[in-house]
Undergrad: 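Pasting a structure here, questions to come.
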Amino acid sequence: MAAMDANSGYDRMKELKEFDESKMGVKGLSDSGITSIPRFFVHPPETLADFKKSSSTCTNIPIIDLSSIVNSKDTDHRLKIVEQVKEAAKTWGFFQAINHGVPISVLDETIHAIKAFHDQPHEVKAKFYKRENEIGGVMYTSNNDLYRAKSAAWHDSLQAWMGPEPLKVADLPEICRNEVVAWDKSATEVAETVMELLCEGLGLEAGKFKELTFLDARVLVGHCYPYCPQPDLTVGITSHTDPGVITVLLQNHVPGLQVKHGDEWVNVKPVPGGLIINAGDFLQIISNGEYKSVQHRVLANSSKEARISIVIFFNLSKWKEDGYYGPLPELLSPEKPAIYRNFTTQEYMENFYGKGIDNKSLIEKIKIQN
Ligand code: OGA
Ligand code: NI
């Protein structure tokens, strides 16, 4: 890419740097009252045209009621829920869990605390602002792929590694410290329940994923999508798939998330008290394609109120001894041969960190062609 646009004298790198060094984030830009967005946020016409296409039929992702799973041991009913979760993970890659056992007050407090962090003056947030995306610790940033992505997106994020090494709680911003710790605990309980159901749906022991350490390496990201004065020119988050096992997402009432279903982009309507769960690339691969890691994206927020979402990405913490992972051998048979080859830790990590989030996923790279 040319450093300088010869025709207009536009120096993209200089503008990116100035924005990054200001540490003000898009929330800062939005609060400053700008009426037009900096050029490096503007996406190419193809992307923008695609962002305008959302489903006209107002389908929503499946909603699954977990109440009887959390509270009882009724096995017939459990089988029904296993079927629902399996079907959702196979066809949508996404579902919305309700009655998951976490009190609404805990959900609300988490959203308020993350909002309160982002609402602080940017001078206060600046001491958490970082650019290097390291494993472990806490960072606040705008666009963690700012210098790698082709165009920037209209969101800021506070990120904290909650495991496998216990986070130093004092490293969390005080304004959301207790809430982040409490949310991590609650969300991990929900993730454990969901992983059990996903295991059963594959015919595995309920505790298999936990045993494989899929609950341990957790990254919590509190996103803020502030009001965007030109929402038709940019995006909230570029279309992508999540790399890990599963993601648990809590959002406030401001819409914007869309999920790809067939050729359509479906709006995810926030359901009060609901938690969105989706499968990541790692789960698609180890389930030998049974569960799907589906593309999703967020529209730039046209509402004056900020959209807040808190995601926790669940990843494995221990690789197998030989350093490889691939479709779980228990799921393979002569009728169901592996459709993906094994991949190494390094391949996985490089794909995770070495790209803008819009790049091709690992899944495509390791598909066995026949
Ligand atoms: C993500 C993501 C969606 C949202 O962080 O990977 O897809 O609604 N977020 O914030
Ligand atoms: Ni995502």
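In each ligand, atom 1 is the first atom listed, and ligand 1 is the first ligand listed.
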Undergrad: Before accepting this row, confirm whether a basic side-chain N of the pair K115/E305 lies closer than 4.0 Å to the acidic partner's carboxylate O.
TA: no
Undergrad: When you check the gap from the basic side-chain N to the acidic O, do E196 and R78 get nearer than 4.0 Å?
TA: yes
Undergrad: Using a 4.0 Å cut-off to any heavy atom of V298, which atoms of ligand 1 qualify?
TA: 3 (C), 4 (C), 8 (O)
Undergrad: Report, in ascending order of atom number, the atoms of ligand 1 lying under 4.0 Å from any heavy atom of H296.
TA: 7 (O)
Undergrad: For atom 4 (C) of ligand 1, find the nearest protein heavy atom and state the residue, atom name and distance (0.1 Å precision).
TA: Y225 OH, 3.2 Å
Undergrad: Taking D119 first and then K27, would you say they form a salt bridge - that is, a charged N and a carboxylate O separated by under 4.0 Å?
TA: yes
Undergrad: Cation-pi between K320 and Y325: NZ/CZ under 6.0 Å from ring centre and within 45° of the ring axis?
TA: yes
Undergrad: With a cutoff of 4.0 Å, is H155 in contact with ligand 1, counting heavy atoms of the residue only?
TA: no
Undergrad: Please list the nearest protein heavy atom to atom 6 (O) of ligand 1 with its residue and the distance rounded to 0.1 Å.
TA: H240 NE2, 3.0 Å
Undergrad: Could you identify the single nearest non-hydrogen protein atom to atom 5 (O) of ligand 1 and state the distance to 0.1 Å?
TA: H223 NE2, 2.7 Å
Undergrad: Please work out which of the three classes, parallel, tilted or perpendicular, describes the rings of F40 and F19, given edges at 30° and 60°.
TA: tilted
Undergrad: Could you tell me if any non-hydrogen atom of L249 lies under 4.0 Å from any atom of ligand 1?
TA: yes
Undergrad: Measuring from the heavy atoms of R307, does anything fall under 4.0 Å of ligand 1?
TA: yes
Undergrad: Before accepting this row, confirm whether a basic side-chain N of the pair E264/K53 lies closer than 4.0 Å to the acidic partner's carboxylate O.
TA: no
Undergrad: Could you tell me, atom by atom, which parts of ligand 1 come under 4.0 Å of a heavy atom of F313?
TA: 1 (C), 5 (O), 6 (O)
Undergrad: Charged N to carboxylate O below 4.0 Å: is that the case for R297 and D50?
TA: yes
Undergrad: D281 vs Y348, test: side chain to side chain donor-acceptor pair (under 3.5 Å). Steps then yes/no.
TA: CA-CA 10 Å; D281 294 353; Y348 184 68; over 6 Å; no
Undergrad: Can you give the angle H240 NE2 - the Ni ion (ligand 2) - H296 NE2, rounded to 10°?
TA: 90°
Undergrad: Quick one: report the N, O or S atom of D242 that is nearest to the Ni ion (ligand 2).
TA: OD1
Undergrad: Looking at ligand 1, is there an atom of it that comes within less than 4.0 Å of some heavy atom belonging to Q251?
TA: no
Undergrad: Which atoms from ligand 1 have a heavy atom of D242 less than 4.0 Å away?
TA: 6 (O)
Undergrad: Salt bridge check: are E15 and R39 linked by an N-O gap of less than 4.0 Å?
TA: no
